[in-house]
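Residue numbering restarts at 1 for every chain, and letters A, B, ... go by the order of the sequence lines. As the structure is a computational prediction, the values presented were derived from the model and not from experiment.
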2 protein chains.
Amino acid sequence: MYTRAEENYLKCIFHLEQEQKGAIATNAIAQMMNTKASSATDMIQRLADKELVAYRRYKGTSLTKEGVAVAVAVVRKHRLWEVFLVEKLNFQWDEVHEIAEQLEHIQSEELITRLDKFLDHPDYDPHGDPIPDKDGNIKKTEKKVLSDMSKNQQGILVGVRETSGEFLQYLDKRKIAIGSKIKVLGIEFFDGSMIIQVKEEQFFISKKIAENLYIQVLHKNQ
Amino acid sequence: MYTRAEENYLKCIFHLEQEQKGAIATNAIAQMMNTKASSATDMIQRLADKELVAYRRYKGTSLTKEGVAVAVAVVRKHRLWEVFLVEKLNFQWDEVHEIAEQLEHIQSEELITRLDKFLDHPDYDPHGDPIPDKDGNIKKTEKKVLSDMSKNQQGILVGVRETSGEFLQYLDKRKIAIGSKIKVLGIEFFDGSMIIQVKEEQFFISKKIAENLYIQVLHKNQ
DNA sequence: AACTTATTTTAGTTGAGACTAAAAATAGAA
DNA sequence: TTCTATTTTTAGTCTCAACTAAAATAAGTT
């Protein structure tokens, strides 16, 4: 098995690889891990010794097959626990991350198998992120930020970037929630603000808000 | 907050104090922790510095008020998680201990409050051990091993000492489970074997079996 | 009381995983 | 291309929690 720290680094590199192409810079890892570059180098070299990452001095790091597998397993656990916390224990979206950061390191295959079943095999976590299946397959969502959508496109709110209490309350007040169907009725070219339709209601949304909403794009007839 | 190792030592000392009176020997702690006496001494001294235990060289260790509070909180978490694993995820009694050993160290007051509620405020874990409440009060059960009971006494099966699969299956086969009402019909003086009544059925029970069943004694009219 | 045995503590190491400070490599600008 | 700024790595420390080996204390026996 791998240590907590190892798992956290692997998960971190995994997330960075999702966003950027190519090898990941040591600094980027250090920054995301809230640690110093020297500490990151240290750990990266240990991970390289264990063949969990491919690492070339000064050139950057990328996960090996094995490294990806470990990272995905951790992500799966993290997201399943988040579903548990929200669905079963009635936590709010924004309260669960920190706790799931701890729960994701519990070691037991069987536990996760049963938890997954107990939760009825969810596909997405409360933030709309896909939950990898047992074999590490991730349902790739075509996820865009709302502000990148064009007029008349529609989709489903699957996640939020910001998770501050104020922002979630802003959404709650408008009854905008994960799963809501959203249609872009119009975009103001000048400031990027939008008019959107949610159920029967229409809202004016600033660009800043739109940049913090992840939408799974729906195509014709969906 | 306290480290995993600190919490484990405190819990260990707590359990030893339940069984023996007086200060706990370093060796006893080391043995239960599967570690060497020198390592135990080391940790005990750290715990003493933090005033979680009272420690006198060569004389032994006992928990302070604060130490008890920490230990009880860990025990509470452990037992609540065991209930969760058995009741919600359908684990068997004997499969949950190891996982609960990990879960008991998750740090979040709120999580435990909500878990407790989700489980409907259970009083006992699947092994029949009492779950401390939020304030650390433990419902003291008058718990005896079956083999210490006398003729015509009756009680409720609240726990098992042995947790091997074979033993639990032995019980399952006879429909003897936590919560079963058991009455001692007779004791064979020679070998300590017993005849007991469970519901409508009577069983012959060897002394060895009787020594592994914890009974909460019922008094007249209960 | 003296001696033996068992228990406990001290002293010194080890490995993870963090740190700081300094050296080395790379990248960007003149 | 050369110099400077940035990034990355190395070297050396620190803390936690374990270890071994050796010293100190306590307990039991004659």
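In this structure, OH of A:Y55 is placed 3 Å from P of D:dT9, rounded to the nearest angstrom. Rounded to an integer number of Å, the gap from A:K36 NZ to D:dT8 P is 15 Å. In this entry the distance linking CD of B:E6 with P of D:dT15 reads 15 Å, nearest Å. If you measure from atom CG of B:D42 to atom P of C:dT10, you get 10 Å, rounded to the nearest angstrom. Look at OH on B:Y58: it is 13 Å from P on D:dA23, rounded to the nearest Å. Between the CD1 atom of A:I44 and the P atom of D:dT9 there is a distance of 7 Å, given to the nearest Å. The distance from atom OH of A:Y2 to atom P of C:dG15 is 20 Å, rounded to the nearest whole Å. If you measure from atom CZ of A:R56 to atom P of C:dA25, you get 15 Å, rounded to the nearest angstrom.
Using modelled atom types, one side-chain atom of A:E95 and one backbone atom of A:Q92 make a donor-acceptor pair closer than 3.5 Å. In this structure, B:E6 contributes its side chain and B:T3 its backbone to a donor-acceptor pair below 3.5 Å.
Using a 4.0 Å heavy-atom cutoff across all strands shown, A:A5 reaches sugar-phosphate atoms only and no base atom. Looking at heavy-atom distances under 4.0 Å, B:A40 makes no contact with the nucleic acid at all.
Counting atom types as modelled, B:S38 pairs a side-chain N or O with a base atom of D:dT20 as donor and acceptor under 3.5 Å.
Phosphate contact (OP1/OP2 of D:dC16, side-chain N/O of B:R46, threshold under 4.0 Å): absent. Proximity of A:R57 to the phosphate of D:dT10: a side-chain N or O atom is located under 4.0 Å from OP1 or OP2. Contact between the side-chain N/O atoms of A:S39 and the OP1/OP2 oxygens of C:dC19 is found at a separation under 4.0 Å. At least one side-chain nitrogen or oxygen of A:T26 sits closer than 4.0 Å to the OP1 or OP2 atom of D:dT9.
Remark: B:I13 CD1 to B:N8 CG distance equals 11.0 Å, nearest 0.5 Å. Here CZ of B:F84 is found 4.0 Å from CG of B:L89. Values are rounded to the nearest 0.5 Å.
Looking at the side chain of B:T3, the nearest of the listed nucleotides C:dT8, D:dA17, D:dT8 is D:dA17. The side chain of A:N27 has D:dT8 as its nearest neighbour among D:dT8, C:dA18, C:dT8. The listed nucleotides are D:dC19, D:dT9, C:dG17; the one nearest the side chain of A:T41 is D:dT9.
Aromatic rings of A:H78 and A:H97 (six-membered ring for Trp) have centroids within the 6.0 Å cut-off, being under it.
Judged by closest nucleotide on DNA chain C, A:M43 is the one of A:K59 and A:M43 placed further toward the 5' end.
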